[in-house]
Amino acid sequence: MFGLVDGNNFYASCERVFQPELIGKPVVVLSNNDGCCIARSDEAKALGVKMAQPIFEVAPHIRNQLIIRSANFGLYGDLSGRIVTILRDLFARVEVYSIDESFISFEGVRDRIQAAAEARARILQWTGIPCCVGIAPTKTLAKAANKLAKKHPSGVSVIDNPSDQLKHFPVADVWGVGRRLTARLGEDGILTARNLLDANPDTLRARYGVTLARTQRELQGLVCTDLQDAEPDRQQIVCSRSFGHEIIQQQDLHEAVATFAVMACEKLRARRLKASGVWVWLNTNAFKLGQAQYHPGKAMNFVAPTSDTREVLTAASALTRAMYRTGYQYKKAGVGLLDLTQCDQQQGDLFAGEDVRSTRTMAVLDQVNQKYGRGTLGFAMSGWRRTPQWGMRQENLSKAFTTKWDQLLRVV
DNA sequence: TCTGGGGTCCTAGGACCC
DNA sequence: TCTGGGGTCCTAGGACCC
């Protein structure tokens, strides 16, 4: 039996933990650049604010009633980690699926509903985040059960008889069925999870592929994917942002790309990985139809896998220079590190050998920044410590209550 | 005025091998 | 008349997730 523990309206709930005056109010959390609504409290949902809706499209008389926050991922990540710690303490096996969801295994647990209720209560008391738990024989069913639990006063729901319990469950809400599939399935008369469960497996496999065939079996209660206790190594690390203002000058673009490259390399070394290649792309604003559009991307490989920021910066800069064209207004850029390998499983370079100086330099850089704060040491190429004119819009950012000493909550 | 960011998996088709 | 069969690797595109 699997359980899925999911924080309710997670980002909005995180904002409420240290700002209790937001409880009972319609809270909305925006994406980077204060663009779209990516979390809504129940009160905000009741006002009709949609998921992923651009905030400027929300009618002014509704917007006036909302409490709006800019995304504060440092805070959400920290609270997420605390929830995972609690779960690992309570359950033998935990798979962290996303920032607000974890699968758990009930191996060795006698009373699952009781255990789920206790976990909920402890998470609420220790972190302030309300959660729901779905319990079922497969992960796909546990996801569905979690959805049902959101409407159940106990916050816990069990699916043990799927064909009966999923009669009215919209197929669009099934894990692995997105917008496109929902539309196609609708044409075939498959509207509910029960319809999908009952569909002819051979036809389904032929028309929709193995992924949906697996989803069907999971809905029937046959386990197709087990818990992944250990997080698999990343295949790529990507860092990209939209700009607060469009960029015209090449120098600004170089600084933006360099900033993303520095961040990507930090993530790379934190996971003890090296990259064999780097990929840079640029984008004009696709929403501005009248504007000249340009979205180039270019990649290159390193001689040997590296985690040295300087090497990645040199490559990223060369790629940016090769792609830059005057006459465009750039709105977004990104850097990807590709073909990642573990540091200790690296193919050696026959001629160069391992560069110990590079490893040590990067280690010092990371240690200083960890101890004295991000950006204490930086790279001039990234326009380090200058406030860039292309920076993100974050007009309603709450404090880093749990991750910065100077922003701790003051109790007066 | 204003529209996120970071991932994974699957499939089809082309190039190439024997 | 009549031109195979089986495999790998890579890439691009599509679909999905939160």
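The model shown is predicted, which means the values in this text are computed figures rather than measured ones. Note on naming: letters A, B, ... go to the chains in the order of the sequence lines (proteins, then strands), and numbering restarts at 1 for each one.
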Protein-nucleotide distance ([X], atom [atom1]; [N], atom [atom2]), rounded to Å:
X       : N       : atom1 : atom2 : result
E57(A)  : dT1(B)  : CD    : P     : 13 Å
I55(A)  : dG4(B)  : CD1   : P     : 13 Å
L338(A) : dG7(B)  : CG    : C1'   : 13 Å
E101(A) : dG6(B)  : CD    : P     : 19 Å
I38(A)  : dC17(C) : CD1   : P     : 17 Å
Y208(A) : dC16(C) : OH    : P     : 11 Å
N146(A) : dC17(C) : CG    : P     : 15 Å
F73(A)  : dG5(B)  : CZ    : P     : 9 Å

Think [X] has a side-chain N or O under 4.0 angstrom from the OP1 or OP2 of [N]?
X       : N       : value
K143(A) : dC18(C) : yes
S240(A) : dG4(B)  : no
K332(A) : dT3(B)  : no
R393(A) : dG4(B)  : no
K288(A) : dT1(B)  : no

Item to check | First encountered from the 5' end of DNA chain B, between E246(A) and R241(A) | outcome: E246(A)
Next on the checklist: Go nucleotide by nucleotide along DNA chain B from the 5' end; which of F243(A) and T211(A) gets its closest nucleotide reached first?
Outcome noted: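 Counting from the 5' end, the first nearest nucleotide belongs to F243(A).
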Base, sugar-phosphate, or nothing for [X], non-hydrogen atoms under 4.0 angstrom?
X       : answer
D100(A) : sugar-phosphate
L181(A) : sugar-phosphate
V174(A) : sugar-phosphate
F10(A)  : nothing

Item to check | Cation over ring face, K139(A) and F103(A), 6.0 Å, 45° | outcome: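 Yes, cation above the ring, under 6.0 Å and within 45°.
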Out of [options], which nucleotide sits closest to the side chain of [X]?
X       : options                 : result
R180(A) : dA15(C), dG7(B), dT3(B) : dA15(C)
S242(A) : dT11(B), dG5(B), dT3(B) : dG5(B)
R214(A) : dC17(C), dC9(B), dT3(B) : dC9(B)
Q235(A) : dC9(B), dC18(C), dT3(B) : dC9(B)
K267(A) : dT11(B), dC2(B), dG6(B) : dG6(B)

Checklist entry - Considering only heavy atoms from C-beta outward, does the side chain of V174(A) approach that of T215(A) to under 4.5 Å? => result yes
Next on the checklist: Taking the P atom in each of dT3(B) and dC18(C), what is the distance between them to the nearest angstrom?
Outcome noted: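 The same atom, P, in both gives a distance of 25 Å.
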Checklist entry - Out of N285(A), T284(A), N283(A), which one pairs with Q293(A) under the side-chain hydrogen bond (donor to acceptor under 3.5 Å, both in side chains) rule? => result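 That would be T284(A); it is the only one of N285(A), T284(A), N283(A) passing the side-chain hydrogen bond (donor to acceptor under 3.5 Å, both in side chains) with Q293(A).
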Item to check | Geometric class of the Y294(A)/Y328(A) ring pair [parallel <30°, tilted 30-60°, perpendicular >60°] | outcome: parallel
Next on the checklist: Can you tell me how the ring of F243(A) sits relative to the ring of F260(A), calling it parallel under 30°, perpendicular over 60° and tilted otherwise?
Outcome noted: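 Taking F260(A) first and then F243(A), their aromatic rings lie parallel (interplane angle under 30°).
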Checklist entry - Regarding R69(A) and Q19(A), is there a side-chain donor-to-acceptor distance under 3.5 Å anywhere? => result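 Checked: R69(A)/Q19(A) side chains pair up, N/O donor to acceptor below 3.5 Å.
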